[in-house]
Q: 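Before we start, here is the structure in question, set down as structure tokens.
Just the heavy atoms: all of them, side chains too, but no hydrogens, waters or symmetry mates, feed the values below. Predicted model only: the values in this text are computed from it and were never measured.
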Amino acid sequence: MNIVSILNLSAVGVFGLLLSAGFCDIRWTRPKRLFMAGGISIIMLLQGMIHFFSDIYIVKYLYPIITHIPLVIMLCILSGEFLWPLISVLTAYLCCQLRRWIALLVVAVFSGGTLMQDTVELIVTLPMLLLLLHFVAPSVRSISHYAATEKCRFGLVPLLYYGYDYLTRFYTNLLPEENPAVVEFMPFVCSVAYLLFVLRVSEDGRIRIQLEQTQEILNLQMTQAIREIGVLRESHHKASAYRHDLRHHMQHLLSCIETGRLEQAQTYIQEICSEIEAAKVFVFCENEAANLIFSAFYGRAQKLGVAINIKAVVPQNIPILESDWCVLLSNALENALHACQKLKGKGLPGSIDVYAYEKNKKMFLQIANSCEENILFSHGIPVSAHRGHGIGVRSICAIIEHYDGMYSFSAQNGLFVLRISF
């Protein structure tokens, strides 16, 4: 064996040792660096001694025992873990194939031989190591914080390749003999790994969509809560103002009565009553949350000139969280009011009819509102081509599905109807 081959074997050994350490999430203090450097020196010295007193093939045959097992033990001591150091070593072994395939490509292009392959592998070792440590190692280290099942899933392909490489090239001659099952094994592993990757990505996508929907619902809950707080704050300010002005009202009325201006006193009382009536919260049902929302939207509809009729028999205790109930009602009424606003902007009348009641411990809600004729549906759910629209409908569907309820959307003859039961 020539000097280039010996240097190449030493380089790939250092490459695997350093990359394995780089894949582990270790806080490198000075004692740990010295411990790692001493361990690498002992491993390299042991390899050299075995090669000097026997043969290079004995070194390759004993490589798992004299290199990989001691390396895993060192990394376990340094990191305080067991599973991830093993996966790191297997992954680093898999990455050693990058330099081999680059060299094989160069040999194929320039029709070289073993010397050219060893030379190219030796040349690309350091740049490849630096690239992997800089760009790949941080991502690999982040996986070390995953659950044990995720770690095992990540380390499955490196483990299979490790066993395949040693069983077919070093411990047997199955690969040189081109046994069909052996030749096709790694492509089979790649196929299975790809399918598992697709399934995993699909599952992650589904979970991400659920999280996004949950985040949207939370944002809507926060928006509605802010709106409700605003309504309560406004009512509180008006009540405070009435209390503050009550003494002045009484003095004015007393002055009118004392001077015989009874008609002026009656007119003043009517004005005060009208102001109080405009600021009151209407009572539609026993449920306080529903009353607050119904009252808020009733006032908004009146200000916009939209006819609204609410018939609700909703008890205080209903089979749904109050926060979900508020989001559900607010979104449904907001969509109905928005549709009527669009009609009013075109000079057309708009109206909203709300029916809500409980029967046999199940809630039923129907909201019918005037709408335009060109509403688009996808799988029975109204959709919008405008960015940011449609979030309310998705939130309604998500809440009802969470409670195993039923919902339906329909639009016919200028009337949009939402029916819900849960």
Q: Describe, in one word, how the ring planes of Tyr166 and Tyr171 are oriented to each other, choosing from parallel (under 30°), tilted (30 to 60°) and perpendicular (over 60°).
A: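 Tyr166 vs Tyr171 ring planes: tilted.
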
Q: Is there side-chain contact between Leu122 and Val12, with heavy atoms separated by less than 4.5 Å?
A: no

Q: Can you tell me if Ser142 uses its side chain to pair, donor with acceptor, with the backbone of Ser139 under 3.5 Å?
A: yes

Q: Hey, could you give me the CD/CG distance between Glu121 and Leu104, rounded to the nearest 0.5 Å?
A: 7.0 Å

Q: For the residue pair Leu159 and Tyr93, establish whether any side-chain heavy-atom pair is separated by less than 4.5 Å.
A: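 No - every pair of side-chain heavy atoms lies 4.5 Å or more apart.
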
Q: Phe422 vs Tyr403 aromatic rings, parallel, tilted or perpendicular, using cut-offs 30° and 60°?
A: tilted

Q: Could you verify whether a donor N or O on one side chain and an acceptor N or O on the other, from His145 and Asp25, lie under 3.5 Å apart?
A: yes

Q: Could you check Ile367 against Arg419 for side chain to side chain contact (heavy atoms under 4.5 Å, CB included), going step by step and ending with a plain yes or no?
A: CA-CA 7 Å; Ile367 298 179; Arg419 293 185 178 92; over 6 Å; no

Q: For Asn291 and Cys285, indicate whether the former's side chain and the latter's backbone hold a donor-acceptor pair under 3.5 Å.
A: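 Checked: pair present.
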
Q: Are the side chain of Asn331 and the backbone N or O of Ile396 linked by a donor-acceptor pair below 3.5 Å?
A: no

Q: Distance from Leu126 atom CG to Leu130 atom CG, nearest 0.5 Å?
A: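 So the gap between those two atoms works out to 4.5 Å.
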
Q: Can you check whether Glu358 reaches Val314 side chain to side chain, under 4.5 Å on heavy atoms?
A: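 When only atoms from C-beta onward are counted, Val314 and Glu358 do not touch, as no gap falls below 4.5 Å.
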
Q: In terms of side-chain heavy atoms, does Glu81 have a donor or acceptor partner in Ser144 at a distance below 3.5 Å?
A: no

Q: Output the distance between atom CG (Leu328) and atom CG (Asp324), rounded to the nearest 0.5 Å.
A: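 CG of Asp324 is found 8.5 Å from CG of Leu328.
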
Q: With the side chain counted from C-beta on, respond yes when Ile352 and Asn309 share a heavy-atom pair under 4.5 Å apart, and no when they do not.
A: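 Contact flag for Ile352/Asn309 side chains = no.
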
Q: Can you say whether the rings of Phe409 and Phe416 are parallel (under 30°), tilted (30 to 60°) or perpendicular (over 60°)?
A: tilted

Q: Do His68 and Tyr162 meet the criterion of a side-chain donor-acceptor pair at a distance under 3.5 Å?
A: yes

Q: For Pro85 versus Val72, what's the shortest heavy-atom pair and its separation?
A: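 Closest approach of Pro85 to Val72: CB-O, 4.1 Å.
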
Q: Could you go through Trp84 and Phe154, starting from their C-alpha distance and side-chain angles, then the distance that decides it, and tell me whether this counts as ring-ring contact (aromatic ring centres under 6.0 Å, His included)?
A: CA-CA 10 Å; Trp84 191 249; Phe154 176 83; 5.7 Å; yes

Q: For side chain to side chain contact (heavy atoms under 4.5 Å, CB included), just list the numbers for Met44 and Leu17, CA-CA rounded to whole Å, side-chain angles, deciding distance to a tenth of an Å, and then say yes or no.
A: CA-CA 10 Å; Met44 298 302 294; Leu17 292 168; 4.0 Å; yes

Q: Show your reasoning for whether side chain to side chain contact (heavy atoms under 4.5 Å, CB included) applies to Met128 and Phe15.
A: CA-CA 9 Å; Met128 184 65 66; Phe15 177 91; 4.0 Å; yes

Q: Without swapping roles, check the side chain of Ser370 against the backbone of Ser351 for a donor-acceptor pair under 3.5 Å.
A: yes

Q: Evaluate the side-chain proximity of Cys326 to Ile293: yes if any heavy-atom separation is below 4.5 Å, no if none is.
A: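 In short, these two side chains touch, coming nearer than 4.5 Å.
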
Q: Less than 4.5 Å apart, side chain to side chain, heavy atoms only: is that true for Lys60 and Gln47?
A: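 SC-SC contact between Lys60 and Gln47 ruled out.
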
Q: At what distance, to the nearest 0.5 angstrom, does SG of Cys340 lie from CG of Asn335?
A: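 Spacing of SG (Cys340) from CG (Asn335) equals 11.0 Å.
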
Q: Does the Lys151 side chain pair with the main chain of Leu83, one donor and one acceptor, at a distance under 3.5 Å?
A: no

Q: Just checking, is any N or O donor in the side chain of Asn287 or Gln316 under 3.5 Å from an acceptor N or O on the other one?
A: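 Judged by distance alone, the side chains do not pair up.
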
Q: Do Tyr146 and Arg153 touch side chain to side chain, with heavy atoms closer than 4.5 Å?
A: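 SC-SC contact between Tyr146 and Arg153 ruled out.
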
Q: Against Phe135, only a single residue in Leu131, Leu132, Leu133 fulfils side-chain contact (heavy atoms from CB on, under 4.5 Å); can you say which?
A: Leu131

Q: Check whether any side-chain heavy atom of Ile310 sits under 4.5 Å from a side-chain heavy atom of Tyr298, and report yes or no.
A: yes

Q: Is the shortest distance from a Lys or Arg side-chain nitrogen in Lys342 or Glu372 to a carboxylate oxygen in the other one below 4.0 Å?
A: yes

Q: Of Val354, Val417, Asp353, which is the lone residue that meets side-chain contact (heavy atoms from CB on, under 4.5 Å) with Gln366?
A: Val417

Q: Can you confirm whether the side chains of Arg99 and Thr125 place a donor and an acceptor under 3.5 Å from each other?
A: yes

